[in-house]
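As the structure lists them, so they are numbered: ligands from 1, and atoms in each ligand from 1. Since we're looking at a predicted model, the values are computed, not measured.
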Amino acid sequence: MSRFFSEKFCQLTPYTPGEQPQDKQYVKLNTNESPFPPSEKAQKAATEAAAQLQLYPDPTCKQLREQLAALYGVEADEVILVNGSDEVLNFAFMAFCDDTHPAIFPDITYGFYKVFADLYRIPYTTPPLREDFTVDTAKYMACGKTVFLANPNAPTGLALSVAEIEKIVASNPDNVVVIDEAYVDFGGESCVPLIHKYDNLLVTGTFSKSRSMAGARLGFGFASKALIQDLETLRYSTNPYNVNRLTMAAGLGQLADEEATRRNCRTVMENRAYTAEKLEEMGFVVLPSAANFLFATHPAVDGGALYQKLKERGVLVRHFDTPRLSPYNRITIGSREQMDALLTAVKAILEE
Ligand code: PMP
C-alpha cells in the first residue's frame, strides 16, 4: 500500500476472482463460464465493429437496449446495460443503500455483495442460510433493508420460486429488492415480469454465462423507469462509455441467435444431470442445482484436498475455504468431454 492510498479504503478486502491460470491447459471448471464459444453472429459482428474502434460507442446503447427489451417483454427505458453485471450491482449498492437503508443478503452468497457494502461503508446484515443451504426467506420479509438475493444462489445453485421472491418484494415497499439472475437461464424462474407490478424491484442479468460472453463483459438490469434513471445517473457519473463498441456489437449478434443460447443451456442442463448422477453414484452429496454448476461434497474426502488433487490432475474447480463451505467444491458444468475428464479424475482420487 502506498502512503497516498486514501484512509477510507485501507481496510478494504477486495473480491477474489476465480483463478485464471496461465501455466498450463486445465479442464477449467472453476468460474462458471460457458464451455461453448459465442454465436458466430456475435463473433462476426464484433470483428466488423473493430473497423470503427476510432469512434466512441453509443453511450445510450440504444439498439442493444431495444433488442433486449423486446426479448424480455419490457420497455427500452426499463433496461440499463453495463460492463458485466458486477457493474449494475455496484451501482445498486451506491444508489439504494446508506445508513438508513442498510443492506441484507445471506451469509453464503456471491462474495461481491460484501465487498461493495464495505467499499461504500454500508451497514449490512447476513442472515445465515438454513442447515440445508436454502435461503431463510422469513428473514427478508418487511425487513426495512435493501435486499440482495442471487437467484439461483451461488455457490449453492439452489433457487427460490418467483412466488417466494414476490412475497419479499411486496413486503418491502419502501426498499429496493435486487434479484441477481446471473444463473437463471439454467432452470430458474425469472422475476423480470414482476418489474411492472413493483416499483422497488431490480432484476440483474448477464451475458457471461448462458450467452457465452464472459470475456466481453456485458450485463444488464431491468426495473421501473425511475429506478433505471437512478442507475443511469450513476453510470453517467462514472463511465458513460461502460459498454464498448466490440461488446455492444457482439451482444447484438448473440441476441440474434437466441436458438443457440437456448440449445447451449439445454446441453448444460443435460450435462449437469449426468454429472450429478455419476457423482452421487460415487458417494457424493450434490445439492439440487438450477445453475451451471454443482455444489458437492464427499463424506470420505476433504473438500480442500479434493480441489488440490484435481488441480494436480489438470482439473480446476472452485473451493471456498470457510467453515461451512470447505467440505464442498463448486464444479462448473462444461462440455460432456470436460465432465468425463472430471469424473475420471475424481474416480482415480477416490481409489487412491
Ligand atoms: N452474480 C453472480 C451470482 C455471479 O456469480 C457473478 C459471476 N461472478 C456475477 C453476478 C457477475 O457476473 P458478470 O460481471 O460476469 O456479469
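- The two residues R235 and N242 make their nearest non-hydrogen contact at NH1-OD1, 3.0 Å.
- Ring centroids of F133 and Y328 are separated by less than 6.0 Å, placing the two rings close together.
- Among protein heavy atoms, atom 8 (N) of ligand 1 sits closest to Y110 OH, 3.2 Å.
- Only the side chain of K209 comes within 4.0 Å of ligand 1, judged by heavy-atom distances.
- Checked for salt-bridge contact, E312 and K24 miss the test: no charged N lies under 4.0 Å from a carboxylate O.
- When only non-hydrogen protein atoms are considered, atom 12 (O) of ligand 1 lies nearest to S85 OG, 3.4 Å.
- Taking a cut-off of under 4.0 Å to the non-hydrogen atoms of G84, the atoms of ligand 1 that pass are 14 (O), 16 (O).
- Annotation: atom 14 (O) of ligand 1 to nearest protein heavy atom, R217 NH2, 2.7 Å.
- The protein non-hydrogen atom at the shortest distance from atom 11 (C) of ligand 1 is D86 OD1, 3.1 Å.
- Counting heavy atoms under 4.0 Å from ligand 1, residue A182 touches it through the side chain alone.
- For atom 5 (O) of ligand 1, the nearest non-hydrogen atom of the protein is Y183 OH, 2.6 Å.
- For the pair E87 and ligand 1, no heavy-atom separation below 4.0 Å is found.
- Between atom 16 (O) of ligand 1 and the options T206, L149, L218, the minimum heavy-atom separation is to T206.
- Note: Y15 and Y110 have perpendicular aromatic rings, judged against thresholds of 30 and 60 degrees for the angle between ring planes.
- Comment: E19 engages K311 in a salt bridge, judged by a side-chain N to carboxylate O separation of less than 4.0 angstrom.
- Within the 6.0 Å centre-distance limit, the rings of Y56 and Y241 are counted as a close aromatic pair.
- What sits closest to atom 15 (O) of ligand 1 on the protein, heavy atoms only, is S208 OG, 2.6 Å.
- Using a 4.0 Å cut-off between charged nitrogen and carboxylate oxygen, R336 and D340 do not count as a salt-bridge pair.
- Remark: aromatic rings of F148 and Y124 are distant, center separation not under 6.0 Å.
- Looking only at protein heavy atoms, the nearest one to atom 1 (N) of ligand 1 is D180 OD2, 2.6 Å.
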